[in-house]
Amino acid sequence: MAFSSKLISRGFATSTYLNSIKHVTVVGGGLMGSGIAQVAAQSGHNVTLVDLNEQVLQKSKGSIEKSLQRVAKKLYKDQEAEAKKFITESVSRISVSSDLKDVVKKTDLVVEAIVEKMEVKHKLFSEIDPVAPESTIFASNTSSLSITEIASVTKRKDRFAGLHFFNPVPVMKLVEVIRIPDTSDATYNQVMEWSKAIGKTPITCKDTPGFVVNRLLVPLLCEAVRMMERGDATAKDIDIAMKLGAGYPMGPLELADYVGHDTTLSIVEGWHKKFPDNPLFEPMKSMKELVQQGKLGVKSGEGYYKYTK
Ligand SMILES: CC(=O)CC(=O)SCCNC(=O)CCNC(=O)[C@H](O)C(C)(C)COP(=O)(O)OP(=O)(O)OC[C@H]1O[C@@H](n2cnc3c(N)ncnc32)[C@H](O)[C@@H]1OP(=O)(O)O
Ligand SMILES: NC(=O)C1=CN([C@@H]2O[C@H](COP(=O)(O)OP(=O)(O)OC[C@H]3O[C@@H](n4cnc5c(N)ncnc54)[C@H](O)[C@@H]3O)[C@@H](O)[C@H]2O)C=CC1
């Protein structure tokens, strides 16, 4: 797999000599899946992006192209031809499909980024486990569910890991690599190398709720929502405070809108069920109302703030 020195020096692709993963299947063409497909394609991998219907996939393709333009602008400033080539080549490595069982017949890695519901993830992995080649590695991008529990429906627990990306995937450099007790050394090494090959910095963590980042970040978002609900300060002032007083790139309420309230609420409700005595995991009234009204944040056009496309 060949990479330009420019991509490598900008942190977009590294240590490719150890990366044995050539074809990647990304399941879920939403916020995260589109980003994961994009970073894999722009670092030279062939990618198939799978979602339930053609309409979602067309939307994903559009958002990937827009994001690639932003990346190209940064990588190839004042080099229009190079920028165009980068975009065209990256796009050409991505195909889309709604036939997951067919796609996984020939793939090295499956990264699942569908809705944050255990039963839906179980259904997906139990369907593809008998069809995918022996050597294929399965990974989940879950924010908060147990990787061990997700993997439990498959017969390839040794070839299963968590690969947790951050939004926006093309910008955020971190990947949390979650090793479950069954993950083999070979699988662990392959996903670590692949994470570097797509230009990310991997860290390793155990399969504990929220892994590292979300275990610290989600309680902060929840506390900010509760603070606003109590009327201690407005959403806008809480956000200004955390940006100017604590150096956060986004305030916690802006970030909750950015992550998506369906996702955040699923995380909090799951943890509340598991740890009912921890007040940090008590689901917030205003967030439940937003989800009921379909106000999921940036992706639906409204959350704690309103957004124009
Ligand atoms: C829930 C989970 O399981 C885990 C999670 O993901 S938790 C959420 C983690 N994410 C965060 O915490 C994000 C916090 N926010 C930020 O880091 C920043 O606000 C941000 C990077 C999103 C945007 O940065 P900003 O300075 O406010 O806006 P903006 O100027 O538009 O973007 C900054 C750069 O990123 C680029 N960028 C932003 N979004 C992009 C995208 N989707 N694709 C490509 N490039 C993008 C922009 O082009 C811009 O590039 P230049 O610096 O070359 O101009
Ligand atoms: N939103 C965020 O900031 C982050 C989310 N995550 C996790 O990533 C996963 C996806 O989250 P988002 O991208 O935000 O959600 P999203 O709602 O934007 O996208 C999910 C996509 O999955 C598709 N889908 C649902 N069931 C499917 C199935 N059976 N087969 C194929 N496609 C299916 C939906 O049509 C949708 O396009 C979740 O597990 C979430 O917890 C992880 C990191 C950050």
Side-chain angles (χ1 to χ4, degrees), residues 10 12 25-39 42 48-60 63-77 96-101 103-104 110-128 139-145 147 150 162-176 178 209-218 220-221 239 242-243 247-252 254-268 270 296-300:
R10 301 280 181 94
F12 279 93
T25 301
V26 179
V27 200
L31 210 55
M32 296 305 289
S34 306
I36 298 166
Q38 178 190 331
V39 293
Q42 75 189 34
T48 307
L49 181 61
V50 181
D51 208 299
L52 298 171
N53 63 56
E54 194 54 35
Q55 214 182 341
V56 179
L57 288 166
Q58 287 316 317
K59 200 173 155 211
S60 315
S63 70
I64 291 173
E65 277 206 49
K66 260 195 214 149
S67 176
L68 278 168
Q69 278 163 9
R70 295 172 87 172
V71 174
K73 210 167 151 195
K74 195 169 348 192
L75 276 178
Y76 300 103
K77 203 168 168 246
V96 295
S97 172
S98 49
D99 189 349
L100 178 61
K101 278 199 207 162
V103 172
V104 299
V110 176
V111 183
E112 169 273 310
I114 66 167
V115 295
E116 187 74 340
K117 299 240 179 299
M118 185 61 83
E119 63 279 14
V120 188
K121 295 195 195 275
H122 271 170
K123 185 167 180 287
L124 186 145
F125 282 113
S126 54
E127 276 174 11
I128 62 172
S140 174
N141 178 54
T142 179
S143 296
S144 65
L145 301 173
I147 303 292
I150 298 174
L163 279 176
H164 186 219
F165 289 82
F166 295 83
N167 181 27
V169 181
V171 178
M172 306 304 277
K173 294 263 181 278
L174 183 71
V175 176
E176 290 175 329
I178 300 103
F211 317 124
V212 175
V213 173
N214 282 346
R215 180 63 184 84
L216 300 172
L217 189 60
V218 173
L220 168 75
L221 303 191
D239 283 339
M242 291 309 283
K243 284 189 283 193
Y248 281 64
M250 269 179 183
E254 286 173 317
L255 186 56
D257 271 2
Y258 196 66
V259 167
H261 299 303
D262 48 344
T263 299
T264 307
L265 194 63
S266 291
I267 298 174
V268 179
L296 305 180
V298 178
K299 65 181 168 188
S300 73

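Each ligand, and each atom within it, is numbered from 1 in the order the structure gives. Below, all heavy atoms of this structure are taken into account, side chains as well, without hydrogens, waters or symmetry copies.
- Annotation for ligand 2: atoms under 4.0 Å from non-hydrogen atoms of Lys121 are 38 (C), 39 (O).
- Annotation for ligand 1: atoms under 4.0 Å from non-hydrogen atoms of Val171 are 21 (C), 35 (O), 36 (C), 37 (N), 38 (C), 39 (N), 40 (C), 45 (N), 46 (C).
- Taking a 4.0 Å cut-off on heavy atoms, Gln38 fails to register as neighbouring ligand 1.
- Atom 40 (C) of ligand 2 has Ser143 OG, 3.5 Å as its closest protein atom, hydrogens excluded (heavy atom only).
- In the vicinity of Phe165, heavy-atom distances shorter than 4.0 Å reach the ligand 2 atoms 43 (C), 44 (C).
- Closest heavy-atom approach to atom 13 (C) of ligand 1 among the candidates Ile267, Val218, Asn167: Asn167.
- For ligand 1, the polar-atom distance check against His164 finds a nitrogen or oxygen pair separated by under 3.5 Å.
- Considering both main-chain and side-chain atoms, Tyr258 never comes within under 3.5 Å of ligand 1 through any nitrogen or oxygen pair.
- Under 4.0 Å from ligand 1, heavy atoms of Ser67 appear from its side chain as well as its backbone.
- Residue contact check for ligand 2: His164 places a non-hydrogen atom closer than 4.0 Å to it.
- Atom 20 (C) of ligand 2 has as its closest protein heavy atom Ala113 O, 3.9 Å.
- Within the 4.0 Å heavy-atom shell around ligand 1 one finds Leu255.
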